[in-house]
Student: 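Got a structure for you, written out below as structure tokens; questions coming shortly.
When a ligand or atom number is given, it counts from 1 through the structure's own listing order. From a predicted model like this one, the values you see are computed outputs, not experimental measurements.
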Amino acid sequence: MADLGSMTLPELRETLKAEGLPDYRAAQIFDWLQKRGIADWDEATNLSKALRERLRAEHPIFSCTAERKQVSRDGTVKYLFRLHDGECVESVLLRYEHGYSLCVSSQAGCARGCAFCASTVGGCRRNLSAAEILGQIHAVQRDLHIRIGHTVLMGMGEPLDNLSAVLRFLALAVDENGLNISGRHISLSTCGVVPGISKLAELKLGLTLSVSLHAPDDELRSSLMPVNREYPLGELIPVCRGYALITGRRVSFEYALLRGVNDSPAQARQLALLLRGFPAHVNLIPVNSASRGGFSPPAPGVTAAFRETLEKAGAAATIRRTLGQDIDAACGQLRNHAPPPAS
Ligand code: SAH
């Protein structure tokens, strides 16, 4: 069964043509699926009842159903979405001065096994389709009657382990007849899957690439992030350099500060050295205290000192404001099952 919600307009035209529908129907259906994000064919009021019934039977809409919604003290909203086969993912809506940004999930779970991240507990249950990644944005826009102008692939899952669906998602999200999100307003975060980064560079998509680094040397990085054994720093950093060179975009590096593990001044200097010579930016995230693995955030003052050491050694760095911590919506706190109801 072809998933119409994951198709570009030319693909949709082709598919529907083979099913005997004219081009203008494809344009109407694209509009309903991609711009308005309908969850049921009955909402598509300019299609005949017979056509809606046929579409329902032949092309079910794989939308995301909000099963739980939590609002943080800081205004961050976390959604737990149920997918058509019962799997769950979470999305987090962040409010900034420049507008709304939705952090979306690309997989139910994650196979990468980072020591500090809750999303990986239980492994990767399955990849999401492009329609399911887009569906998270549609569901939130419709629920809150807002327009989401920014999106970050930083929720649950490793986007580059689901590359074909993610590339489809990117193509559809920027479509001016769909969500019409500017490519400059999209970020993708990876734990460092080198071939995927090369592919993104080759495609010159104009999005912001974030790479989760978390350690300045192979030994420590491998102990925190199993992906480093497959793609060590000697391969990762050159591919990031290449990405910056080819796309002309600065690469962003996430560095979760773990007390006593990766937060020393020597490690800050080593990190700056590693990133020398190409446009890079370090995003420091004091690890969330509720994180997996029993890690603690740095002692008071250490985060600011780490940033200063980085800057002195020539690396641009900012400290990421942590949002939504009280509802477990912060980085590394998303999981693929419903938490027990709050008492
Ligand atoms: N798989 C992708 C997307 C996840 S994005 C990636 O690894 O980049 C989520 C970001 O939050 C990543 O940088 C991840 O390493 C980071 N993170 C995970 N657990 C965290 C925690 N407990 N505290 C702070 N950041 C965490």
Student: Geometry only, no angles: is Ala256 polar-contacting ligand 1 at N/O separations under 3.5 Å?
Tutor: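 No - when backbone and side-chain N and O of Ala256 are compared with those of ligand 1, no distance drops under 3.5 Å.
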Student: Less than 4.5 Å apart, any side-chain heavy atom of Leu213 and any of Leu271?
Tutor: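 Yes, close enough: below the 4.5 Å cut-off.
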Student: Pick one of side chain, backbone, both or neither for how Val211 approaches ligand 1, counting any non-hydrogen atom pair under 4.0 Å.
Tutor: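 It is neither part, as no heavy atom is under 4.0 Å.
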Student: Test Ile38 against every option in Ile61, Thr45, Asp31, Ile29 by the side chain to side chain contact (heavy atoms under 4.5 Å, CB included) rule and name the one that passes.
Tutor: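 Going through Ile61, Thr45, Asp31, Ile29 one by one, the side chain to side chain contact (heavy atoms under 4.5 Å, CB included) with Ile38 is satisfied by Ile61 alone.
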Student: Would you mind reporting whether Leu207 and Arg184 have side-chain heavy atoms less than 4.5 Å apart?
Tutor: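 SC-SC contact between Arg184 and Leu207 ruled out.
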Student: Counting heavy atoms only, which of Val152, Asn288, Thr120 comes nearest to atom 24 (C) of ligand 1?
Tutor: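 Among Val152, Asn288, Thr120, the closest heavy atom to atom 24 (C) of ligand 1 comes from Asn288.
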Student: What part of Met156, side chain from CB on, backbone N/CA/C/O, both or neither, has a heavy atom under 4.0 Å from ligand 1?
Tutor: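 Within the 4.0 Å criterion, Met156 makes no contact with ligand 1.
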Student: Can you establish whether the number of heavy atoms outside Glu19 located under 6.0 Å from its atom CD is more than 12?
Tutor: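 Yes, because the 6.0 Å sphere around CD of Glu19 holds more than 12 heavy atoms from other groups.
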Student: How about Tyr96 and His150: are their ring centroids closer than 6.0 Å?
Tutor: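 So the answer is no for these two rings.
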Student: Using only atom types and a distance under 3.5 Å, with no angle test, would you say the side chain of Arg307 pairs donor to acceptor with the backbone of Ala317?
Tutor: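 Here the side-chain-to-backbone pair exists.
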Student: Numbering the atoms of ligand 1 from 1, which are under 4.0 Å from a heavy atom of Gly155?
Tutor: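 The list of qualifying atoms is 4 (C).
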Student: Is it true that a side-chain atom of Thr120 and a backbone atom of Cys110 form a donor plus acceptor pair closer than 3.5 Å?
Tutor: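 Checked: pair present.
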Student: Could an N or O of ligand 1 be found under 3.5 Å from any N or O of Leu153, whether backbone or side chain?
Tutor: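 Leu153 vs ligand 1: no N/O contact under 3.5 Å.
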Student: Among Gly293, Ala111, Cys331, which one puts a heavy atom closest to atom 21 (C) of ligand 1?
Tutor: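 It is Cys331 whose heavy atom sits nearest to atom 21 (C) of ligand 1.
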Student: Which of the listed options, Ser252, Ser212, Cys117, holds the heavy atom that is closest to atom 13 (O) of ligand 1?
Tutor: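 Considering heavy atoms of Ser252, Ser212, Cys117, the nearest to atom 13 (O) of ligand 1 sits in Ser212.
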Student: Quick check on Gly157 - does any of its heavy atoms sit under 4.0 Å from an atom of ligand 1?
Tutor: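 Yes, that is the case, since the closest heavy atom of the residue is under 4.0 Å from the ligand.
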Student: By the definition salt bridge (charged side-chain N to carboxylate O under 4.0 Å, His left out), identify the one residue from Glu132, Glu67, Glu90, Glu87 that meets it with Arg82.
Tutor: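 Only one of Glu132, Glu67, Glu90, Glu87 forms a salt bridge (charged side-chain N to carboxylate O under 4.0 Å, His left out) with Arg82, namely Glu67.
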Student: Suppose I only count heavy atoms of Met154 and a 4.0 Å limit; which atoms of ligand 1 are within that range?
Tutor: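 In order of numbering, the contacting atoms are 4 (C), 5 (S), 9 (C).
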Student: Does Arg112 come within less than 4.0 Å of ligand 1, judged by its heavy atoms?
Tutor: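 Judged by the 4.0 Å heavy-atom criterion, Arg112 does not count as contacting ligand 1.
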Student: Mind listing the closest non-hydrogen atom pair of Gln70 and Arg68 along with its distance?
Tutor: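 In terms of heavy atoms, the two residues are closest at NE2-NH2, 3.4 Å.
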Student: If you measure from each non-hydrogen atom of Glu254 to ligand 1, which part falls under 4.0 Å: side chain, backbone, both or neither?
Tutor: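 Within the 4.0 Å criterion, Glu254 contacts ligand 1 through side-chain atoms alone.
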Student: In terms of atom number and element, which parts of ligand 1 are under 4.0 angstrom from non-hydrogen atoms of His214?
Tutor: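 In order of number, 13 (O), 14 (C), 15 (O).
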